[in-house]
Amino acid sequence: MQRLTIDLVSDVVCPWCYLGKARLELAIAEVQDEVGIDINWRPYRLNPDYPAEGVDQRQALEAKLGGAEAVARGHEMLIGLGREVGIAFDFDAIRIGPNTLDAHRLIHWAVTESREIQDRVVTLLFKANFEEGRNVGDHAVLLDIAEQAGLDRAVIGALLASDADKDTMLAEIDAAQNMGVNGVPFFIIDQQYALSGAQTPDVLANAFRDIARMKAEAMAGLN
(Lines give C-alpha, C1' and ligand atoms only; values in the text may rest on other atoms or scores of the structure.)
Protein backbone atom coordinates (compact mmCIF):
# COMPACT_ATOMS: atom_id res chain seq x y z
CA MET A 1 0.00 0.00 0.00
CA GLN A 2 1.29 3.46 -0.92
CA ARG A 3 1.50 6.04 1.86
CA LEU A 4 0.93 9.74 1.25
CA THR A 5 1.87 12.60 3.56
CA ILE A 6 -0.43 15.62 3.66
CA ASP A 7 0.83 18.92 5.00
CA LEU A 8 -2.46 20.58 5.84
CA VAL A 9 -2.19 24.36 6.16
CA SER A 10 -5.03 25.56 8.34
CA ASP A 11 -6.24 27.98 11.01
CA VAL A 12 -8.41 26.89 13.94
CA VAL A 13 -10.77 29.86 13.46
CA CYS A 14 -11.41 29.05 9.80
CA PRO A 15 -14.84 27.36 9.43
CA TRP A 16 -13.85 26.00 6.02
CA CYS A 17 -10.84 24.34 7.65
CA TYR A 18 -13.10 22.59 10.18
CA LEU A 19 -15.33 21.50 7.32
CA GLY A 20 -12.24 20.45 5.34
CA LYS A 21 -11.03 18.29 8.23
CA ALA A 22 -14.37 16.47 8.51
CA ARG A 23 -14.47 15.89 4.75
CA LEU A 24 -10.86 14.71 4.76
CA GLU A 25 -11.70 12.13 7.41
CA LEU A 26 -14.51 10.79 5.22
CA ALA A 27 -12.13 10.61 2.24
CA ILE A 28 -9.50 8.77 4.29
CA ALA A 29 -12.13 6.27 5.43
CA GLU A 30 -13.07 5.71 1.79
CA VAL A 31 -9.52 4.91 0.64
CA GLN A 32 -8.18 3.25 3.81
CA ASP A 33 -7.83 -0.15 2.14
CA GLU A 34 -5.93 1.34 -0.81
CA VAL A 35 -3.87 4.31 0.43
CA GLY A 36 -2.26 5.18 3.77
CA ILE A 37 -2.46 8.84 4.80
CA ASP A 38 -0.28 10.72 7.31
CA ILE A 39 -1.28 14.28 8.21
CA ASN A 40 0.98 17.08 9.41
CA TRP A 41 -0.95 20.15 10.57
CA ARG A 42 0.71 23.39 9.47
CA PRO A 43 -0.04 26.87 10.83
CA TYR A 44 -1.76 29.78 9.12
CA ARG A 45 -3.30 32.92 10.60
CA LEU A 46 -6.38 34.44 9.01
CA ASN A 47 -6.16 37.39 11.39
CA PRO A 48 -2.49 38.01 12.23
CA ASP A 49 -3.23 41.54 13.45
CA TYR A 50 -5.60 40.51 16.26
CA PRO A 51 -4.23 41.42 19.71
CA ALA A 52 -3.42 38.71 22.26
CA GLU A 53 -6.73 39.30 24.07
CA GLY A 54 -8.70 38.95 20.80
CA VAL A 55 -11.41 41.18 19.31
CA ASP A 56 -15.20 41.43 19.27
CA GLN A 57 -16.01 38.62 16.84
CA ARG A 58 -19.28 39.98 15.48
CA GLN A 59 -17.93 43.49 14.87
CA ALA A 60 -14.78 42.16 13.20
CA LEU A 61 -16.70 39.78 10.93
CA GLU A 62 -19.24 42.41 9.90
CA ALA A 63 -16.43 44.81 9.04
CA LYS A 64 -14.60 42.11 7.08
CA LEU A 65 -17.57 40.67 5.18
CA GLY A 66 -19.62 43.80 4.59
CA GLY A 67 -22.33 43.88 7.23
CA ALA A 68 -24.60 41.72 9.34
CA GLU A 69 -26.61 40.39 6.41
CA ALA A 70 -23.55 39.05 4.62
CA VAL A 71 -22.34 37.41 7.84
CA ALA A 72 -25.75 35.78 8.43
CA ARG A 73 -25.84 34.43 4.84
CA GLY A 74 -22.37 32.94 5.16
CA HIS A 75 -23.15 31.38 8.51
CA GLU A 76 -26.39 29.88 7.26
CA MET A 77 -24.59 28.17 4.38
CA LEU A 78 -21.82 26.86 6.66
CA ILE A 79 -24.32 25.53 9.21
CA GLY A 80 -25.97 23.49 6.44
CA LEU A 81 -22.66 22.15 5.12
CA GLY A 82 -21.51 21.39 8.66
CA ARG A 83 -24.63 19.40 9.41
CA GLU A 84 -23.82 17.09 6.48
CA VAL A 85 -20.54 16.02 8.12
CA GLY A 86 -21.49 16.09 11.80
CA ILE A 87 -20.36 19.60 12.74
CA ALA A 88 -22.76 21.63 14.91
CA PHE A 89 -21.59 25.16 14.09
CA ASP A 90 -22.81 27.67 16.72
CA PHE A 91 -21.61 31.01 15.39
CA ASP A 92 -23.73 32.99 17.85
CA ALA A 93 -21.74 31.48 20.72
CA ILE A 94 -18.45 32.94 19.45
CA ARG A 95 -17.92 36.23 21.28
CA ILE A 96 -14.15 36.63 20.91
CA GLY A 97 -12.19 36.49 17.67
CA PRO A 98 -8.89 35.15 19.05
CA ASN A 99 -5.26 35.53 18.13
CA THR A 100 -4.39 31.92 17.16
CA LEU A 101 -0.59 31.93 17.49
CA ASP A 102 -0.65 30.10 20.83
CA ALA A 103 -3.16 27.56 19.51
CA HIS A 104 -0.72 26.83 16.68
CA ARG A 105 2.11 26.43 19.19
CA LEU A 106 -0.01 23.87 21.06
CA ILE A 107 -0.67 21.95 17.82
CA HIS A 108 3.08 22.03 17.11
CA TRP A 109 3.98 20.63 20.54
CA ALA A 110 1.30 17.93 20.32
CA VAL A 111 2.98 16.22 17.37
CA THR A 112 6.08 15.57 19.49
CA GLU A 113 3.86 13.03 21.27
CA SER A 114 2.19 11.58 18.17
CA ARG A 115 0.21 12.47 15.07
CA GLU A 116 -2.83 11.00 16.81
CA ILE A 117 -2.54 13.42 19.75
CA GLN A 118 -1.93 16.30 17.36
CA ASP A 119 -5.11 15.40 15.49
CA ARG A 120 -6.98 15.20 18.79
CA VAL A 121 -5.77 18.70 19.76
CA VAL A 122 -6.81 20.12 16.39
CA THR A 123 -10.28 18.56 16.70
CA LEU A 124 -10.73 19.90 20.22
CA LEU A 125 -9.62 23.40 19.17
CA PHE A 126 -12.10 23.49 16.27
CA LYS A 127 -14.87 22.16 18.49
CA ALA A 128 -14.10 24.62 21.30
CA ASN A 129 -14.19 27.58 18.94
CA PHE A 130 -17.03 26.67 16.59
CA GLU A 131 -19.36 24.54 18.69
CA GLU A 132 -18.74 25.78 22.24
CA GLY A 133 -17.82 29.43 21.64
CA ARG A 134 -14.70 29.17 23.81
CA ASN A 135 -11.79 31.57 23.29
CA VAL A 136 -8.97 29.46 21.84
CA GLY A 137 -6.55 32.34 22.41
CA ASP A 138 -7.05 32.00 26.18
CA HIS A 139 -4.30 30.01 27.92
CA ALA A 140 -6.80 28.45 30.36
CA VAL A 141 -8.81 27.07 27.43
CA LEU A 142 -5.65 25.84 25.70
CA LEU A 143 -4.50 24.07 28.89
CA ASP A 144 -7.87 22.33 29.25
CA ILE A 145 -7.64 21.17 25.63
CA ALA A 146 -4.03 20.01 26.06
CA GLU A 147 -4.97 17.97 29.13
CA GLN A 148 -8.06 16.52 27.45
CA ALA A 149 -5.91 15.42 24.50
CA GLY A 150 -3.47 13.63 26.81
CA LEU A 151 -0.69 16.21 27.10
CA ASP A 152 1.01 17.20 30.36
CA ARG A 153 -0.80 20.31 31.62
CA ALA A 154 2.19 21.62 33.62
CA VAL A 155 4.61 21.23 30.73
CA ILE A 156 2.25 22.97 28.29
CA GLY A 157 1.60 25.71 30.84
CA ALA A 158 5.32 26.44 31.14
CA LEU A 159 5.70 26.46 27.34
CA LEU A 160 2.73 28.80 26.84
CA ALA A 161 4.14 31.20 29.44
CA SER A 162 7.34 31.40 27.40
CA ASP A 163 8.06 32.50 23.83
CA ALA A 164 8.92 28.92 22.83
CA ASP A 165 8.44 28.25 19.11
CA LYS A 166 6.71 31.55 18.33
CA ASP A 167 9.42 32.30 15.76
CA THR A 168 9.09 28.78 14.33
CA MET A 169 5.35 29.22 13.81
CA LEU A 170 5.72 32.66 12.23
CA ALA A 171 8.46 31.35 9.93
CA GLU A 172 6.22 28.43 8.84
CA ILE A 173 3.35 30.83 8.11
CA ASP A 174 5.68 33.06 6.08
CA ALA A 175 6.98 30.03 4.17
CA ALA A 176 3.44 28.95 3.29
CA GLN A 177 2.57 32.44 2.05
CA ASN A 178 5.78 32.58 0.01
CA MET A 179 4.72 29.28 -1.60
CA GLY A 180 1.50 30.97 -2.69
CA VAL A 181 -0.85 29.84 0.08
CA ASN A 182 -3.25 32.76 0.49
CA GLY A 183 -6.30 30.85 1.64
CA VAL A 184 -6.98 27.82 3.80
CA PRO A 185 -7.45 24.91 4.05
CA PHE A 186 -4.57 24.12 1.71
CA PHE A 187 -3.46 20.51 1.16
CA ILE A 188 0.14 19.81 0.11
CA ILE A 189 0.41 16.13 -0.78
CA ASP A 190 3.84 14.46 -0.75
CA GLN A 191 5.37 17.94 -1.09
CA GLN A 192 4.51 18.10 -4.77
CA TYR A 193 0.74 18.22 -5.31
CA ALA A 194 -1.59 20.90 -4.01
CA LEU A 195 -5.33 21.15 -3.41
CA SER A 196 -6.95 24.33 -2.17
CA GLY A 197 -10.22 24.70 -0.27
CA ALA A 198 -12.59 22.40 1.62
CA GLN A 199 -12.88 19.83 -1.15
CA THR A 200 -15.65 17.23 -1.02
CA PRO A 201 -14.72 13.70 0.16
CA ASP A 202 -15.02 12.21 -3.35
CA VAL A 203 -12.65 14.83 -4.84
CA LEU A 204 -10.10 14.17 -2.09
CA ALA A 205 -10.44 10.37 -2.31
CA ASN A 206 -9.94 10.41 -6.09
CA ALA A 207 -6.92 12.70 -5.75
CA PHE A 208 -5.35 10.35 -3.19
CA ARG A 209 -5.94 7.34 -5.45
CA ASP A 210 -4.46 9.12 -8.49
CA ILE A 211 -1.37 10.33 -6.61
CA ALA A 212 -0.81 6.90 -5.02
CA ARG A 213 -1.05 5.29 -8.46
CA MET A 214 1.45 7.76 -9.95
CA LYS A 215 3.77 7.14 -7.02
CA ALA A 216 3.55 3.37 -7.51
CA GLU A 217 4.23 3.73 -11.25
CA ALA A 218 7.21 5.99 -10.61
CA MET A 219 8.64 3.51 -8.12
CA ALA A 220 8.07 0.62 -10.52
CA GLY A 221 9.92 2.58 -13.18
CA LEU A 222 12.95 2.89 -10.89
CA ASN A 223 13.17 -0.86 -10.30
Side-chain angles (χ1 to χ4, degrees), residues 4-25 27 37-52 54-67 70-79 81-82 85 87 89 91 94 96-108 111 118-119 121-123 125-126 129-130 136-137 165-204 206-208 210-211:
L4 303 178
T5 299
I6 301 173
D7 287 289
L8 183 39
V9 187
S10 155
D11 195 2
V12 295
V13 292
C14 164
W16 292 101
C17 293
Y18 194 11
L19 195 65
K21 183 181 193 300
R23 289 174 169 180
L24 172 62
E25 285 162 1
I37 308 278
D38 295 315
I39 300 166
N40 299 319
W41 288 90
R42 301 297 186 194
Y44 192 86
R45 289 199 296 169
L46 288 177
N47 309 300
D49 301 329
Y50 282 9
V55 299
D56 182 297
Q57 171 76 353
R58 183 168 291 280
Q59 279 183 5
L61 264 187
E62 287 177 5
K64 190 175 189 175
L65 299 179
V71 171
R73 270 199 312 274
H75 284 171
E76 194 180 338
M77 177 178 62
L78 281 159
I79 287 166
L81 292 171
V85 289
I87 295 171
F89 281 117
F91 293 105
I94 307 170
I96 303 290
N99 182 308
T100 57
L101 183 59
D102 286 340
H104 285 303
R105 289 201 292 157
L106 176 58
I107 293 167
H108 175 69
V111 80
Q118 184 182 53
D119 189 74
V121 165
V122 173
T123 301
L125 284 164
F126 277 132
N129 183 70
F130 285 112
V136 294
D165 294 310
K166 280 186 180 176
D167 289 348
T168 305
M169 295 297 89
L170 295 172
E172 275 201 36
I173 293 164
D174 284 346
Q177 288 172 330
N178 290 338
M179 274 173 45
V181 178
N182 54 17
V184 286
F186 195 89
F187 302 79
I188 302 163
I189 306 166
D190 270 14
Q191 298 190 323
Q192 51 184 331
Y193 306 98
L195 277 171
S196 180
Q199 302 290 340
T200 55
D202 58 320
V203 168
L204 289 169
N206 288 333
F208 299 154
D210 289 346
I211 293 166

Gln192, CD atom: more than 12 neighbouring heavy atoms under 6.0 Å: yes
Can you find a heavy atom in the side chain of Val85 that is under 4.5 Å from one in the side chain of Glu25? no
With a cut-off of 3.5 Å and sequence neighbours excluded, list every side-chain donor-acceptor pair involving residues 167-190.
unit_1, atom_1, unit_2, atom_2, d
Asn178, ND2, Asp174, O, 3.3
Asp190, OD1, Thr5, N, 2.8
Asp190, OD2, Lys215, NZ, 2.8

Can you sort out the partners of Asp165 under salt bridge (Lys or Arg N to Asp or Glu O under 4.0 Å), two or more places apart, ordered by chain and number? none
Rounded to the nearest 0.5 Å, how far does CG of Asp38 lie from CG of Asp119? 11.5 Å
Is the closest side-chain heavy-atom distance between Trp41 and Val121 below 4.5 Å? no
Determine the minimum heavy-atom distance between Phe130 and Cys14, stating which atoms define it. CZ-C, 3.5 Å
Test item: Asn206 side-chain N/O and Asp202 main-chain N/O as donor-acceptor pair under 3.5 Å: yes
Are Val13 and Asn47 packed together at the side-chain level, in the sense that at least one heavy-atom pair is separated by less than 4.5 angstrom? yes
For the atom pair CD1 (Ile211) and CG (Leu4), what is the distance rounded to the nearest 0.5 Å? 6.5 Å
Just wondering, do Tyr193 and Ile6 contact through their side chains at under 4.5 Å, heavy atoms? no
Nearest atoms (heavy-atom pairs only) where Pro51 meets Val55: CD-CG1, 3.6 Å
Asp102 side, atom CG; Arg105 side, atom CZ - distance, nearest 0.5 Å: 4.5 Å
Excluding sequence neighbours, so at least two apart, what forms side-chain hydrogen bond (donor to acceptor under 3.5 Å, both in side chains) with Arg23? none
Shortest non-hydrogen pair, His104 vs Tyr44, comes out as NE2-O, 2.7 Å
Just jot down the salt bridge (Lys or Arg N to Asp or Glu O under 4.0 Å) partners of Asp210, sequence neighbours excluded, or say none. Arg213
Salt bridge (Lys or Arg N to Asp or Glu O under 4.0 Å) partners for Asp11, two or more places apart: none
What is the minimum heavy-atom distance between Phe126 and Ser10, and which atoms define it? CZ-OG, 3.7 Å
Look only at the side chain of Gln118 and the backbone of Ile107, and say whether a donor-acceptor pair between them is shorter than 3.5 Å. yes
Atom NE2 in His108, atom CZ in Arg42: separation rounded to 0.5 Å? 9.0 Å
Using 0.5 Å steps for rounding, measure from the CD1 atom of Ile94 to the CG atom of Leu61. 8.0 Å
Does a side-chain heavy-atom distance below 4.5 Å link Leu24 with Leu204? yes
Mind listing the closest non-hydrogen atom pair of Gln191 and Asp7 along with its distance? CG-OD2, 4.2 Å
When you measure from the side chain of Asn99 to the backbone of Leu101, do you find a donor-acceptor pair of N or O atoms at a distance under 3.5 Å? yes
Taking every heavy atom of Ala70 against every heavy atom of Gly66, the minimum-distance pair comes out as CB-O, 4.1 Å
Decide yes or no for Trp16 and Leu78: does some side-chain heavy atom of the first lie under 4.5 Å from some side-chain heavy atom of the second? yes
Validation row: Val12, Val136 side chains within 4.5 angstrom (heavy atoms): yes
Under the rule for salt bridge (Lys or Arg N to Asp or Glu O under 4.0 Å), what residues qualify as partners of Glu62, not counting sequence neighbours? Arg58
Find out whether Phe91 and Pro15 are in side-chain contact, i.e. whether some heavy atom of one side chain is under 4.5 Å from a heavy atom of the other. yes
